[in-house]
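Single-structure report; data block below.
Computed from heavy atoms alone, side chains included, the values below leave out hydrogens, waters and symmetry copies. What you are looking at is a predicted structure, and each value in this text was computed from that prediction instead of being measured. We name chains A, B, ... by the order of the sequence lines, and we start the count at 1 in each one.
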There are 2 protein chains.
Amino acid sequence: MARIKTDDKNLSRKDVIVTKAASLFREKGFKAASMRDLAEAVGVEAASLYNHIKSKTELLHDLCFNVANRFMHKIDEIEAEPISAIEKIEKLLRFHITEMIEHYEEVYVSDREWKHLEDPYLSNFQNQRRLYRKRFAAIIEAGIRQKEVKEIDAPTAVLIMLHAITGIESWHRSTQKISAEALEDNMITILVGGLTNR
Amino acid sequence: MARIKTDDKNLSRKDVIVTKAASLFREKGFKAASMRDLAEAVGVEAASLYNHIKSKTELLHDLCFNVANRFMHKIDEIEAEPISAIEKIEKLLRFHITEMIEHYEEVYVSDREWKHLEDPYLSNFQNQRRLYRKRFAAIIEAGIRQKEVKEIDAPTAVLIMLHAITGIESWHRSTQKISAEALEDNMITILVGGLTNR
DNA sequence: AAAGGTTGCTAACATACGTTAGTTAATTAT
DNA sequence: ATAATTAACTAACGTATGTTAGCAACCTTT
């Protein structure tokens with residue numbers, strides 16, 4: 001009888017399922033990925049998954065909110081630091097970039113598939129998202145007031161930054177990648193360079 | 001008996017269906033949007049759609065290749081112009097931006113949902129996409145050689161540009177938009193500003 | 001070794017989906 | 001006015017999907 005392997009200790013079977021789900025949802029999209037696909041990836045029959053999870057949407061829910069919470073904590077932390085606006089922006093961007101490099105399946109799924117959440121989680125997620133962007137924009141606006149940053153529309157700048165970073169997905173799948181460090185530095189050069197005055 | 005309205009002349013009934021499909025696929029995603037949803041949006045029964053189209057995937061196919069062709073023609077045109085690399089980049093970006101502003105449902109769907117195409121169209125689309133990015137990167141590399149552009153990794157720059165532009169989708173749906181012109185100029189300022197030497 | 005809990009299996013359900021067949025209504029051409 | 005064509009309808013088929021029920025095998029604790 002097949003069993004779900006949790007080779008690395010401290011991993012629950014649910015963790016294994018959630019991780020495989022991230023990979024599958026990233027590859028096929030949430031709707032197109034079936035529970036039978038997931039079961040096969042996990043090495044078990046579809047019905048057996050339900051010993052560990054409540055529903056398919058719960059998987060998406062877990063993925064989305066895990067990611068969202070990580071970003072929320074990071075922006076809390078950065079806002080509180082006594083550094084310049086440009087430094088805050090760079091720190092936040094670097095966090096986004098490394099998150100996308102290291103946990104890209106989860107981050108990608110959270111970013112692209114949250115539409116398939118169901119209320120009340122959907123509204124909740126959308127609110128968090130809006131709030132996060134507002135806080136990011138506020139940092140940029142502070143930078144503009146202090147003349148560190150060009151006179152641009154802050155919400156537009158946030159859109160550009162956040163979407164630019166999802167481009168890392170293509171890097172991840174490309175065959176001849178530059179190194180992760182080089183990627184990060186290139187992105188910072190272009191993005192922060194585009195904001196900075198002088 | 002309900003009929004599909006093609007109020008503006010020169011619109012075939014299929015055109016009406018394709019347009020509504022773009023809107024629906026954008027809103028729900030290709031897989032989550034059903035033919036019955038589409039039929040309702042068009043004002044007709046699901047089976048009736050098949051008097052005008054071959055299949056659901058044909059709709060996606062039409063959307064994706066219409067968009068891809070427009071971009072391919074534009075890059076043909078721009079490559080041939082006797083202008084500097086930076087000017088070429090700016091022209092191409094402005095084209096992307098206005099396409100995204102004016103036909104955003106189609107462009108968005110083409111960008112996000114092409115994964116659900118079926119071979120041979122899938123491979124075909126992927127090839128076109130790769131080729132387009134290579135040509136874009138080549139323009140940037142020419143700019144680097146002529147010292148117009150910072151010494152960055154060109155493929156990374158392409159990723160950033162293209163993905164940044166999909167952020168316009170959020171602008172489109174936001175309630176308090178800045179004007180389309182202001183959006184375009186802001187994006188150019190940040191993106192081209194991030195590339196330019198000095 | 002027995003008992004209890006956990007995790008797997010098979011079978012099946014209800015539902016939703018894309019699509020086809022066959023038919024009728026509406027429009028266009030003769 | 002009649003015939004031919006186009007475009008709609010109803011009904012249904014086959015398949016895939018998320019999920020549940022009931023039972024068997026495994027592991028852990030005593």
Please lay out, stage by stage, how Arg173(B) and Glu169(B) fare under the test salt bridge (charged side-chain N to carboxylate O under 4.0 Å, His left out).
CA-CA 6 Å; Arg173(B) 276 217 309 274; Glu169(B) 184 245 357; 2.4 Å; yes
Okay, side chain of Glu148(A), backbone of Ile86(A): is any donor-acceptor separation there less than 3.5 Å?
-> yes
Residues in residues 50-58 of chain B with a heavy atom under 4.0 Å of DNA chain C, by number, are Tyr50(B), Ser55(B), Lys56(B)
Side chain to side chain, Pro120(A) and Asn124(A), heavy atoms closer than 4.5 Å = no
* **Ring-face cation contact, Tyr50(B) with Lys56(B), 6.0 Å cut, 45° max** => no
What side-chain donor-acceptor pairs closer than 3.5 Å can you find for residues 60-68 of chain B, not counting sequence neighbours?
residue, atom, partner, partner atom, Å
Asp62(B), OD2, Lys14(B), NZ, 3.2
Asn66(B), ND2, Asp62(B), O, 3.3

| Verdict with reasoning, Glu79(A) to Lys88(A), per salt bridge (charged side-chain N to carboxylate O under 4.0 Å, His left out) | CA-CA 7 Å; Glu79(A) 277 178 342; Lys88(A) 285 183 185 176; over 6 Å; no
By side-chain hydrogen bond (donor to acceptor under 3.5 Å, both in side chains), Glu81(B) pairs with (sequence neighbours left out) Lys91(B)
CG (Leu59(B)) and CE (Met35(B)) are apart, to the nearest 0.5 Å, by 5.5 Å
I'd like to check Ile97(A) versus Ile188(A) (side-chain heavy atoms, cut-off strictly below 4.5 Å). Are they in contact? yes
Per the under-4.0 Å heavy-atom filter, residues of residues 108-121 of chain B near DNA chain C come out as none
Expected list for residues 21-49 of chain B near DNA chain D, using heavy atoms below 4.0 Å, is Arg36(B), Val44(B), Glu45(B), Ala47(B), Ser48(B)
Residues at least two apart in sequence or cross-chain that pass side-chain hydrogen bond (donor to acceptor under 3.5 Å, both in side chains) with Arg129(B), listed by chain then number, are none
